[in-house]
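Order of listing sets the numbers, starting from 1, for every ligand and every atom in it. The figures that follow rest on heavy atoms only: side chains count, while hydrogens, waters and symmetry mates do not.
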Amino acid sequence: MTAVDLAALRQRAASLRQLIQYHAHRYHVLDAPEISDEAYDSLFQELLELERAHPDLIAPDSPTLRAGAPPAAGFARVEHPAPMLSLGNAVTPDDLYAWRERLLRLLPGDIAILYTVEPKIDGLTVVLHYEEGLFTLGATRGDGSVGEEITANLRTVRSLPLRVPVAGDEAPPRRLVVRGEAYMSKAEFARFQAAQEAESGRRYVNPRNTAAGALRNLDPAVTAARPLDLWAYQIVALEAGPDLAGQWPALAYLARLGFPVTQAENRRFDDFDALVAYCVQWGERRHELPYEVDGLVIKVDDFALQERLGYVGKDPRWAVAYKYPSAEAATRLLAIQVEVGRTGVLTPRAVLEPVYLGGVTVSSATLHNADYIAERDIRVGDTVVIKRAGEVIPQVLRALPELRSGAETPWQMPDRCPVCGGPVARYAGEVAYYCENMACPAQLVRRIEFFVSRAAMDIAGFGSKQAELFVAKGFIHEIADIYDLPDRREALLALEGFAAKKVENLLQAIAASKQQPATRLLTGLGIHFVGAAVAELLLEHFRSFAALAAASAEEMAEIEGIGPRIAASVTAWFAQPANQRTLARLAAAGLPMRLPEATPEAPATLAGRTFVITGTLPTWSRDRATAIIKEHGGKVAAAVSGATDYLLAGEKAGSKLEKAQKLGIPILSEEDVRALLGWPAA
Ligand code: IVH
């Protein structure tokens, strides 16, 4: 994870906190909620997951630190008889082996361990209390030690036994507390979703959120209207019942009492390799199940061993979740935003209903360009399939038109820049649309960002945040303004978060950047098609900004590696008066406007001499000749002109030789140059 990623997550967590607090206030205090419970829950869930993954993002005012989620304040609190632990994750077979290694280290050698494997149901934890066989109390997991009392809602769950045993004449235990997962089956979800869509146009995102909304609703009628199911998987407390030695017999007992148990999918292994193989293979058919799962849970079967292993933090050492990373997910495309790049390119970006995908919560994805959207007929409001490969930005693959309600709207590139309102244009043969306004603040921010970045002037302590801030404050209107920042020391010190030390460091880094080579400066200008390599080629050839500015596109295109497209872009850039002013200001600020004349090691024998090379030389390649001339302080130009001092000519010299002869320019052979340098003959 890079610092940028972390900063983005921090930002996201802060926005979520603010949004959740706002909606909680609307709900509780004003009694005027603006969003559905589902929407609220998914925001809350996202924050929870973020904080779980990055505990240092937890702020003291996080709504997740409250006991129970705010909208459920109407529920009574239920203390759990034992902490409702969560599970550590494994995502590869290696993780599973590492988990086993850890527990073997804590156990005496030479004991045979049995492991129970069960599906990990993607639903909501519920804690069910039975007194003398009667279902008396049901709760959510809450914060793990205290949950919310949802007995009435749970009574609507059809597969939940209201009295156990459901059949047979076994005596009920005096007290029984069972942990299970309430969920909505895929089929019920599809039915429910279709009905809701037809009735109210409301769309539900996934079975889990829908089930959560149902269970944590203050009106049991709402719960009843959403058919939920139950899987039971753990005995939390048992009094006056049979002696159970481990998880496998416990599951059998639960099944005997009439609880729904995922028996068909459960396995018990003594051979860990076989267990790992089962986990890997099972992943392939997990989608065939009628309910959603996000992995398998592997538990040390023996209760005595479980107790011995105990837990770390909130995770038991004796169990682990083997999770299948989902490479694709479906979610709603809420909006398409247009981002303005450094060169003015407008890039559409998908704003998504947050969805868990391959280990992270994704809320935005790339849509590439306007053609991409049009070709796939992707509309705002569509349910779309998104994909995340490795660590790259997720992308929208396609829309699912089957799920359209009719309210979806086709999208078009706006004809005005979304940031500055400037005109938008598209050039023949190009996919991209551009904001044509050079002064567009979004472009400016991107340009500054790039100029100060590591790829260019590498100014420490100057990043996107500072670029945005300084542009917003009006400190920077163009690149050259960066070097006027020392004149604004007072204003900088007045900014929030800019302590004296920080300002000093920043100003020092800015001053230090004046020592960067001219090639970095040329790169930093962000001229279309001019990256570090092209900047190098151009300056190696022309040596100075002045010579580069004076060069024609044809001259540039003669450099190997510089095509007509680059040449046209560079000449167009230098032709703009605004850019010329920028360069003049940068020069006045003391930035390097040329490459150093010669490397100190080599004597500058050829200083001030401009060569043109033509034809095939006896031993030197063109590049070698160029390097040698430059090493000795000479220049190499592409075309013969009045400024040419020598023509270095070899075999099969053509028009350049003729032109040089016409202009009376001395013609040298490779031998002659060697002699000039005082070198022995080849
Ligand atoms: S065992 C200490 N077994 O997965 C044992 N959990 O983070 C912890 N889950 O919140 C739970 N299916 O709600 C267990 N067969 C299963 C499960 C299961 C789903 C959920 C549970 C928990 C989460 C783990």
Participant: If you have a sec, work out which protein heavy atom is nearest atom 17 (C) of ligand 1 and how many Å separate them, to one decimal?
Facilitator: Y233 CE2, 3.6 Å
Participant: Flag the pair E292 and R208 as a salt bridge only when some basic side-chain nitrogen lies within less than 4.0 angstrom of an acidic carboxylate oxygen.
Facilitator: no
Participant: Does ligand 1 have a heavy atom under 4.0 Å from the side chain of A319, from its backbone, from both, or from neither?
Facilitator: neither
Participant: Select one of side chain, backbone, both or neither to describe which atoms of K120 lie under 4.0 Å from any atom of ligand 1, heavy atoms only.
Facilitator: both
Participant: Tell me, which protein residue and heavy-atom name are nearest atom 15 (N) of ligand 1, and how many Å apart are they?
Facilitator: E118 OE1, 3.0 Å
Participant: Which atoms of ligand 1 sit under 4.0 Å from any heavy atom of L87?
Facilitator: 7 (O), 8 (C), 24 (C)
Participant: Is it true that P119 lies under 4.0 Å from ligand 1, counting heavy atoms only?
Facilitator: yes
Participant: Do the charged groups of E239 and R175 touch, with an N to O distance under 4.0 Å?
Facilitator: yes
Participant: Does the N or O separation between Q234 and ligand 1 drop below 3.5 Å for any pair?
Facilitator: no
Participant: Are side-chain heavy atoms of Y291 and P119 found at a separation under 4.5 Å?
Facilitator: yes
Participant: Within the 4.5 Å heavy-atom criterion, are Y233 and T262 side-chain neighbours or not?
Facilitator: no
Participant: Taking only heavy atoms of P316, which atoms of ligand 1 are found under 4.0 Å from at least one of them?
Facilitator: 2 (C)
Participant: Identify which of R179, M84, E181, K314 has a heavy atom lying nearest to atom 22 (C) of ligand 1.
Facilitator: R179
Participant: One residue to check: W318. Relative to ligand 1, which of side chain, backbone, both or neither has a non-hydrogen atom less than 4.0 Å away?
Facilitator: side chain
Participant: With heavy-atom distances below 4.0 Å as the criterion, list the atoms of ligand 1 near L85.
Facilitator: 2 (C), 8 (C)
Participant: Parallel, tilted or perpendicular, judged at 30° and 60°: which one describes the rings of Y130 and F259?
Facilitator: perpendicular
Participant: Set out, in order, the CA-CA distance, both residues' side-chain angles and the distance that settles side-chain hydrogen bond (donor to acceptor under 3.5 Å, both in side chains) for Y97 and D273, then state yes or no.
Facilitator: CA-CA 9 Å; Y97 283 110; D273 295 329; 2.6 Å; yes
Participant: Give yes or no for whether the N/O distance cutoff of 3.5 Å, strictly under, is met between I121 and ligand 1.
Facilitator: yes
Participant: Give, for atom CG of L106 and atom CH2 of W318, the distance between the pair rounded to the nearest 0.5 Å.
Facilitator: 15.0 Å
Participant: Answer yes or no: is there an ion pair linking R285 with E265, defined by an N-O contact shorter than 4.0 Å?
Facilitator: yes
Participant: Are E49 and R52 ion-paired here, with the side-chain N under 4.0 Å from a carboxylate O?
Facilitator: no
Participant: Check each of R52, E265, K299 against atom 1 (S) of ligand 1 and report the one with the nearest heavy atom.
Facilitator: K299
Participant: For T125, is at least one N or O under 3.5 Å away from an N or O on ligand 1?
Facilitator: yes
